[in-house]
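Please read the structure below before turning to the comments.
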Amino acid sequence: MAAKLARCAMGMASSVGEEVPTQEDLEVPTEGDASEMMSPPNSRKRARRTKEECHGNAASRTRKSTRSPAALVGRAFLTVAAAAIGCLQDAGGGRGTRNLTTDEKWAFVSDCRVAISKGEKTGKVAEKHGVGKNMYARLEAQWHTTSSLESQRVGNCGAKQILVGADLDKLRKINQDCNGDKTFIELAAELKEKHQIVVSPETVRCATIRDHWRSVPKYTCPFLTEANMEARRVWAHQQTKDEWDPRDAHVDIDEKWFKTFSRKRKRKVDPLTEKAGVGRTPIHSKMHVPKVMFLCAIGVPNMARGFNGKIGMWRCSAPYTAKRTSKYHKKGEVYEKDVNVDAEYFEDMMLNKVMPALRAAMPWARVITVQMDNATPHVGKGIVDTMQQAGMEYETGPLIRIIAQPPNSPDCNLLDLAFFNSLACQVSKRSTPNVDELVKVVHEVYNTFHTPEKLMKLWALKKAVLQRIAANDGGNQFKMPHNVLGDAAKGARQVLAPVNGPRTER
């Protein structure tokens, strides 16, 4: 408003052909009846003159004014306008006031009554509380009228919220029907078409924020039959109820494909690199990306025994001799070639690589329980009985027992639940232009990334997931636990890593 008044004064001066007042000319004076009425006493005190002003080296503040008549008119007009603005602010209607709570109102009224009893004015009390000088009169009138000092703005302030109550239920129904795949623009159009509710997409977005909606990734999960859910329920109750003997060990095994290129993650590109056209990875075929399968075994860490939880990571391959010279190998060169994992190959891997590694890593254990899924190469052609017999006939080391998890239950295996995801995420951050580099990177990340502390958290996560499975009667439609990792890992570390004496009997 002051800016508008200043422009009016400048217009008045220019209309009569006089000199346009400068910024110094348009300053609100500190003298006059109107300004004295609204200014505090300290601001009306004349500033002390400097040495230059006293000796004449600077322009004196008491010199005779040489301003034009138009400038004087504009100055007087601004003086009166400033006084009017101050009156409005003092009356409680300007920006200098604030809304008081009920307790603050009672404190202000009490202070004003004490001041009146002492013969003092209420203006100083109002200034102390940061309100206008007429606030006391309004509060007294409110008390005599309503017998209360409660705020009269409760429930009537601000714009009315849209999409609440029944309208919000309609929005939820539309979102559920489309499985959450529509945008805010499409949701707003659906509300208008089906329910004649005209709102903007921004209003829909704000309503979803108030209702605590969130965006989740679109993942899939196995389809469970009634028999699958019953088997999962029984398995989860058994695994969470039975406590492991600290002298025994538990190991999860499974296979995993690792690709030389993955499109799951985004990457950062600086402007110079993007300008050069670098950003896409050239591959021969997006349907046949080079990949390698690994068989992995992870156990529960026992640092008291010097066991970090890692058994081994084996490439599913076999030695092959090149029959002719090519750009990859020379004739007669022996190299590793990936093979299909069938029952015979899996049995050979278990008997010749996995079981010896288990006994070498955990010689202190009485029984090592190996958990695997129900894939055909794992349970076909009676290889389970063969592996059970081989595990029980060993005389100088721990016994090995093979168990199969429920069908369609990757969340019951530590590797499928969390370990492979974190391992593949770290591998994808490295450059793997070919299969040989991919094998090196996988082994390097496997040996360095997962510390015993991280593995203990993963095992604690598996235990929490089994508890969720048991609580949901074997279903897999539950929210993954997150906040239980720290305390659960701490407790598991204390229980699963005791100092055991030498094993004397089985």
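Remember, predicted model here, so these are calculated numbers, not experimental data.
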Report summary line: Between P398 and M362 the two heavy atoms that sit nearest each other are CG-O, 3.5 Å
**Report entry** Minimum heavy-atom distance between I253 and A297, given as atom pair plus value
**Finding:** CG2-CB, 3.5 Å
Query raised in the report: Backbone N or O of G299 within a donor-acceptor pair of the K310 side chain at under 3.5 Å?
Result: no
**Report entry** L351 to A390 - nearest heavy-atom pair and separation
**Finding:** CD2-CB, 3.6 Å
Requested in this report: Provide the full list of salt bridge (charged side-chain N to carboxylate O under 4.0 Å, His left out) pairs with a residue in residues 191-207, sequence neighbours left out, each pair given once.
Outcome: E190-K194, E202-R205
Query raised in the report: Checking side chain to side chain contact (heavy atoms under 4.5 Å, CB included) for the pair W459/L461: CA distance, chi angles, key distance, verdict?
Result: CA-CA 5 Å; W459 282 103; L461 174 63; over 6 Å; no
**Report entry** Student check: side-chain heavy atoms of I403 and T369 closer than 4.5 Å
**Finding:** yes
**Report entry** With F108 via ring-ring contact (aromatic ring centres under 6.0 Å, His included) - residues at least two apart
**Finding:** H129
Query raised in the report: Have N228 and N408 got a donor and an acceptor in their side chains that come within less than 3.5 Å?
Result: yes
Requested in this report: For residues V370 and R401, determine if any side-chain heavy atom of one lies less than 4.5 Å from a side-chain heavy atom of the other.
Outcome: no
Requested in this report: Output the distance between atom CG (D254) and atom CD (Q405), rounded to the nearest 0.5 Å.
Outcome: 7.0 Å
**Report entry** Enclosure of I185 CD1 (heavy-atom neighbours >12, cutoff 6.0 Å)
**Finding:** no
Report summary line: For residues 322-335, the salt bridge (charged side-chain N to carboxylate O under 4.0 Å, His left out) pairs (sequence neighbours left out) are none
Query raised in the report: Side chains of T240 and Q467: is there a donor and an acceptor less than 3.5 Å apart?
Result: no
Query raised in the report: Is atom CD of Q196 surrounded by more than 12 heavy atoms (other residues, nucleotides or ligands) closer than 6.0 Å?
Result: yes
Query - OH (Y320) with more than 12 external heavy atoms under 6.0 Å - result: yes
Query raised in the report: Taking the side chain from T146 and the backbone from W143, do they hold a donor-acceptor pair closer than 3.5 Å?
Result: no
Requested in this report: Look at K440 together with D436 and state whether they make a salt bridge at an N to O cut-off of under 4.0 Å.
Outcome: no
Query raised in the report: Using 4.0 Å as the upper bound for N to carboxylate O, is an ion pair formed by R430 and E444?
Result: yes
Report task. Taking side-chain contact (heavy atoms from CB on, under 4.5 Å) as the test, write out the residues that go with N352, two or more places apart. Result -> D348
Requested in this report: Compare all side-chain heavy atoms of N472 with those of Q477 and state whether any distance is below 4.5 angstrom.
Outcome: no
**Report entry** Partners passing ring-ring contact (aromatic ring centres under 6.0 Å, His included) against W257 (at least two apart in sequence or in another chain)
**Finding:** none
Requested in this report: Specify whether H329 and Y335 have parallel, tilted or perpendicular ring planes, treating 30° as the upper limit for parallel and 60° as the lower limit for perpendicular.
Outcome: parallel
Query raised in the report: Tell me, do T451 and L455 make a side-chain contact under 4.5 Å, heavy atoms counted?
Result: no
Query - Check: E150 main-chain N/O paired with Q142 side-chain donor or acceptor under 3.5 Å - result: yes
**Report entry** Under-4.0 Å salt bridge between R366 and D248
**Finding:** yes
Report summary line: Sorted by chain and residue number, the side-chain contact (heavy atoms from CB on, under 4.5 Å) partners of S110 (sequence neighbours excluded) come out as none
Report task. Determine whether I400 and R359 make a side-chain contact, defined as any pair of heavy atoms from C-beta on separated by less than 4.5 Å. Result -> yes
Report task. Check the pair F449, L423 against side chain to side chain contact (heavy atoms under 4.5 Å, CB included), reporting the backbone distance first and the verdict last. Result -> CA-CA 8 Å; F449 180 71; L423 185 64; 5.6 Å; no
Report summary line: Across all chains, not counting sequence neighbours, the side-chain contact (heavy atoms from CB on, under 4.5 Å) partners of D411 are R232, S409, L417, V465, I469, N476, F478
Requested in this report: State, with a plain yes or no, whether a side-chain heavy atom of F258 is found less than 4.5 Å away from one of V439.
Outcome: no
Requested in this report: For E437, check salt bridge (Lys or Arg N to Asp or Glu O under 4.0 Å) against everything at least two apart and list the hits.
Outcome: none
Report task. Pick out which of M392, Q371, M387 makes a side chain to side chain contact (heavy atoms under 4.5 Å, CB included) with I402. Result -> M387
Report task. Quick one: pull up CG in L100 and NZ in K105 and give me the separation to the nearest 0.5 Å. Result -> 7.0 Å
Query raised in the report: Can you name the residues that form a side-chain contact (heavy atoms from CB on, under 4.5 Å) with F261, not counting sequence neighbours?
Result: R263, T281, V289
Query raised in the report: Can W235 and L466 be said to form a side chain to side chain contact (heavy atoms under 4.5 Å, CB included), step by step?
Result: CA-CA 8 Å; W235 172 272; L466 291 175; 4.1 Å; yes
Requested in this report: Mark yes or no for whether N175, through its side chain, and L171, through its backbone, hold a donor-acceptor pair below 3.5 Å.
Outcome: no
**Report entry** Pairwise distance NZ(K256) to CZ(F420) - rounded to 0.5 angstrom
**Finding:** 7.5 Å
Report task. Begin with the C-alpha distance, continue with both residues' side-chain angles, and end with the deciding distance and a verdict on salt bridge (Lys or Arg N to Asp or Glu O under 4.0 Å) for D169 and K173. Result -> CA-CA 6 Å; D169 294 337; K173 182 65 169 57; over 6 Å; no
Query raised in the report: Between R468 and P481, which heavy-atom pair has the shortest distance, and what is it?
Result: NH2-CB, 3.6 Å
Query - For H378, all residues meeting ring-ring contact (aromatic ring centres under 6.0 Å, His included), sequence neighbours excluded - result: F346
Query raised in the report: So how far is it from W314 CH2 to C316 SG, rounded to the nearest 0.5 Å?
Result: 10.5 Å
Query raised in the report: Would M293 and V339 count as a side chain to side chain contact (heavy atoms under 4.5 Å, CB included) if you check the C-alpha gap in whole Å, the side-chain angles of each, and the deciding distance to 0.1 Å?
Result: CA-CA 9 Å; M293 177 178 285; V339 297; over 6 Å; no
Query - Close side-chain approach of Q389 and T386, heavy atoms under 4.5 Å - result: no
Report task. Give a yes or no on whether the backbone of A318 and the side-chain of Y345 come within a donor-acceptor separation of less than 3.5 Å. Result -> no
**Report entry** Note, K429 side chain near Q426 side chain (heavy atom, < 4.5 Å)
**Finding:** yes
Query raised in the report: So, does S317 use its side chain to make a donor-acceptor pair with the main chain of D338 at under 3.5 Å?
Result: no
Query raised in the report: If you take all heavy atoms of N421 and D416, which pair is closest and at what distance?
Result: ND2-O, 4.2 Å
Query raised in the report: Which pairs with one or both residues in residues 285-294 pass salt bridge (charged side-chain N to carboxylate O under 4.0 Å, His left out), sequence neighbours excluded?
Result: none
Query raised in the report: What pairs of residues pass the salt bridge (charged side-chain N to carboxylate O under 4.0 Å, His left out) test when at least one of them lies in residues 370-383, not counting sequence neighbours?
Result: E344-K381
Report task. Starting at CG of L414, measure out to NE2 of H250 and round the result to the nearest 0.5 Å. Result -> 8.5 Å
Query raised in the report: How long is the gap from CD1 on I298 to CG on N413, to the nearest 0.5 Å?
Result: 10.5 Å
**Report entry** Side-chain donor/acceptor of K259 to backbone N/O of P290, under 3.5 Å
**Finding:** no
